[in-house]
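Here the structure is a predicted model, which means the values were calculated and not measured.
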Amino acid sequence: MPQVLRVALDTPLRRLFDYLPPLAGPPPAVGARVRVPFGRQRLVGLVMGTAGGSDLPAERLKPVLEVLDAQPVLDGAAVALLEWAAAYYHHPVGEVAAVALPRALREGAPSVAREEVWSLTAAGAEALRTDAARRAPRQRALLGLLAEGFTATAGALQGRLADWRAPARALRERGWAVRGELTAAPAPSAAAVRTPGPALVAEQAQAVAAVGAALGRFGAFVLHGITGSGKTEVYLRLVEQVLARGGRALILVPEIGLTPQLVGRFRERFDTPIAVMHSGLTDHERLLAWRDAFSGQARIVIGTRSAVFAPVPQLALIVVDEEHDASFKQHEGALRYSARDLAVVRAHHAGVPVVLGSATPSLESLHNVAAGRYTRLRLQQRAARAQPPVLKLLDLRSAAVQSGIATPAVLAIERHLKEDGQVLVFINRRGYAPTLLCTGCGWVAPCRECDARLTVHQGAGRLRCHHCGADAPLPARCPVCGFAVKAVGQGTERIEEALAATFPGVSIARLDRDVVRSRGDMEAVVGRMASGEARILVGTQMVTKGHDFPNLTLVVVLNADQGLFSTDFRAPERLAQTIVQVAGRAGRGARAGEVLIQSSFPEHPLLTRLLAEGYDGFAQAALEERAQAAWPPFARLAALRDSARSAEGALAFLVEARRLAAAPRGVRLLGPVPAAMARRAGRYHAQLLLESRERSRLHDFLDGWLPAVEQLKSARAVRWSLDVDPLELF
Ligand code: ADP
Ligand code: ZN
Ligand code: ZN
């Protein structure tokens with residue numbers, strides 16, 4: 001039997017597919033794409049390996065139709081990372097590969113750029129000599145152009161002769177010219193420092209030295225630096241070292257907001273091609289960025305979550321900025337993965353250091369520091385001689401509150417504005433108000449598809465569901481009793497309105513998902529604050545990320561209480577991170593900052609600990625709690641989730657799945673239970689949680705159990721997924 005190719009295909013089946021090498025031409029290398037027959041379809045797959053034989057009978061083995069890559073699109077390390085992810089997330093490797101490659105490549109686009117070129121045939125040269133095209137002046141002109149050089153690229157022709165395509169077609173029909181494709185060889189790229197950075201402060205220099213000494217081997221570093229302490233400067237210096245050694249760097253950043261600013265700093269510092277990959281790219285742009293990375297043309301690759309799979313030849317350093325950020329976790333769709341965790345695995349495979357930077361490292365990373373697996377590097381001073389802000393709790397029970405803002409906060413805003421400062425008001429809810437209430441009968445506007453209320457969007461005159469996107473006109477009267485309705489509670493839109501009424505003449509900017517529809521919108525808002533035109537910024541989570549407004553001296557956090565009493569064990573961690581991050585926006589310049597946190601529970605131990613001892617004190621207490629309750633990082637979790645048209649249907653599959661599990665050793669099964677918000681977009685959600693003290697126990701169990709779960713008849717009646725290391729529990 002000839003050698004068999006083991007091919008990953010983008011199907012939900014947990015296996016590779018066997019094919020024979022192509023009938024003609026050389027066999028594909030591991031990591032190359034092939035086109036294969038699959039039932040009545042033709043699919044693009046990835047060669048993951050070869051084997052001496054197949055379980056299939058020889059007569060059923062088919063040869064691949066076409067080898068798409070002479071050079072594999074995945075090198076050995078990339079193939080290993082995909083295999084690791086498939087095993088760890090218990091996911092079909094073909095679907096993992098589909099996450100790793102841009103769509104255009106999955107559909108067969110060439111992995112290297114090709115250019116359309118035109119050249120003259122011998123007959124064409126003869127036609128030119130005899131002036132056979134004299135009655136077609138445009139063809140004649142094109143013949144002349146083609147005769148000037150050996151080949152002409154489409155781009156070059158476009159520049160010389162407008163509307164050249166019609167005459168080109170005519171020349172081809174007459175046999176005078178041929179069209180071809182050339183592989184565009186990337187121009188060799190240089191890497192130079194454009195503008196040197198500032199002299200490092202001692203802590204920065206120590207951090208750079210520590211990671212710098214680890215270049216060339218694996219090491220995981222948590223760069224724990226307060227906001228404004230110069231973490232980015234540390235990344236820049238490390239990248240400088242990497243470039244000087246001829247290596248390349250991969251920088252991962254959270255989903256929104258940060259990218260343009262961070263990319264700007266890298267472009268300012270280095271005179272070298274940078275490939276940028278984020279979710280806002282079109283398929284074609286994504287392909288171009290991928291090719292820049294693949295060819296090695298780009299020396300620096302900066303991207304969000306899925307860029308953890310980007311090809312980076314001579315990878316020498318991985319940085320994960322804001323490593324605690326939830327957007328590194330893909331928690332919907334096919335493969336649910338943590339880009340931060342995969343970054344560490346990738347660094348390990350590649351034998352390079354990985355730097356996890358944050359002002360508020362995740363409890364997982366801090367636990368890894370405590371266990372000696374990661375090294376913590378601290379930056380405790382603000383680099384540009386700015387003072388860390390002072391945090392104060394504002395007791396909502398004893399203060400007069402109007403439109404969600406307590407009087408002492410209003411007074412503080414007034415004072416900071418008078419002293420020419422800027423103010424940030426943070427509220428983690430967009431829209432005008434979270435509830436529309438009938439004052440007559442008590443009716444509350446519900447979403448028809450979800451167990452949720454509709455949010456009032458006053459400006460747009462709409463009621464919207466923030467869970468399923470349902471959208472309806474805002475009624476003036478109660479649809480049940482006809483009485484007047486009113487908006488209850490606050491969102492960014494209403495806070496903006498209230499502040500405008502309180503501070504007439506003061507320019508206010510707002511930053512939330514309703515305002516920011518494209519990248520340009522975000523930059524416009526940031527620009528208004530940076531120029532000083534806007535004095536107050538009202539915003540959601542979006543404002544916590546990366547922006548640096550030197551004149552911002554006051555931050556008001558309006559609703560800290562949301563995270564205090566959640567059923568999700570991670571809620572306190574997220575709340576503490578949000579408070580610290582948003583507080584870090586204050587006092588980035590020469591003047592000290594002030595932070596006011598409104599709460600109805602100012603004695604809550606989480607808040608008092610956070611204020612008294614900072615994030616470190618909080619993290620220590622939170623880790624102790626997690627240890628006692630046996631939550632991660634002291635246990636490993638996986639969630640089997642599903643959704644169905646009925647609540648019973650959703651539970652039925654999970655009940656059967658649980659029954660299949662019998663009584664596994666060292667693994668606890670919790671549930672199944674309906675999700676906290678069971679109905680979303682018309683479907684009922686439920687979850688079965690698996691927990692173990694030991695990672696290997698959990699994974700051994702999943703290995704045996706999932707194939708059986710997959711075979712359940714009830715599995716076909718629901719949509720189900722497995723989430724290993726889930727970030728959010730419901
Ligand atoms: P972080 O990423 O930790 O929030 P940045 O790297 O953005 O911090 O630095 C905060 C500010 O301090 C930036 O304006 C940066 O240019 C400046 N900065 C960083 N390091 C230094 C330094 N060693 N000397 C002077 N200014 C610095
Ligand atoms: Zn009513
Ligand atoms: Zn809804």
Side-chain angles (χ1 to χ4, degrees), residues 22 24-26 28 32-35 42 44 65-73 101-190 267 271-277 280-299 311 313:
R33 292 170 303 154
V34 288
R35 208 184 295 278
R42 295 162 144 226
V44 174
L65 300 169
E66 188 188 351
V67 176
L68 294 170
D69 302 307
Q71 286 286 336
V73 289
L101 289 176
R103 177 192 302 278
L105 286 177
R106 280 162 16 223
E107 291 172 353
S111 63
V112 285
R114 293 201 192 141
E115 273 181 305
E116 176 185 350
V117 289
W118 287 80
S119 44
L120 213 56
T121 61
E126 180 64 15
L128 187 64
R129 202 183 55 77
T130 58
D131 205 13
R134 62 188 160 274
R135 264 183 247 126
R138 300 176 55 74
Q139 290 178 34
R140 183 199 211 174
L142 187 55
L143 278 177
L145 280 182
L146 293 179
E148 279 176 20
F150 183 59
T151 51
T153 63
L157 289 174
Q158 187 68 39
R160 303 278 299 274
L161 188 67
D163 299 331
W164 60 276
R165 287 220 171 254
R169 265 194 304 273
L171 292 189
R172 183 156 72 163
E173 275 156 26
R174 301 175 88 164
W176 291 349
V178 287
R179 181 182 176 282
E181 275 190 342
L182 259 192
T183 301
S189 59
R267 287 204 205 285
D271 190 6
T272 196
I274 298 177
V276 180
M277 303 176 167
L281 299 182
T282 64
D283 283 343
H284 186 65
E285 289 169 332
R286 192 179 306 274
L287 174 67
L288 297 185
W290 186 92
R291 281 176 176 164
D292 283 348
F294 179 68
S295 69
Q297 170 80 0
R299 300 288 186 115

Closest contact, heavy atoms only, P22 versus P28: CD-CD, 3.9 Å
Could you tell me whether a side-chain N or O of R33 sits under 3.5 Å from a main-chain N or O of A109, the two making a donor and an acceptor? yes
Using the rule given for side chain to side chain contact (heavy atoms under 4.5 Å, CB included), can you reason through L146 versus L157, listing the C-alpha separation, both sets of side-chain angles and the distance that settles it, and then say yes or no? CA-CA 9 Å; L146 293 179; L157 289 174; 4.2 Å; yes
T153 side chain to V117 backbone, donor-acceptor under 3.5 Å: no
Scanning both residues in full, the closest heavy-atom pair of L105 with V44 reads O-CG1, 4.2 Å
Measure the shortest side-chain to side-chain distance between R42 and E66 over non-hydrogen atoms and say whether it is less than 4.5 angstrom. no
Expected output: side-chain R179 to main-chain R169 donor-acceptor under 3.5 Å: no
According to the salt bridge (charged side-chain N to carboxylate O under 4.0 Å, His left out) rule, which pairs have a member within residues 118-146, sequence neighbours left out? E126-R129, D131-R140
Side chain proximity check, S111 to P72, heavy atoms < 4.5 angstrom: no
Sequence-distant partners of W290, ring pair (Phe, Tyr, Trp, His ring centres under 6.0 Å), two or more places apart: F294
Pairwise distance OG1(T282) to CG(L287) - rounded to 0.5 angstrom: 9.0 Å
Going by the rule side-chain hydrogen bond (donor to acceptor under 3.5 Å, both in side chains), which residues pair with D283 if we only count those two or more places apart in sequence or in a different chain? R103
Heavy atoms from other residues, nucleotides or ligands near CD of Q71 exceed 12 (cutoff 6.0 Å): no
Is it the case that the side chain of R106 and the backbone of L101 share a donor-acceptor pair, with hydrogens and angles ignored and the cut-off at 3.5 Å? yes
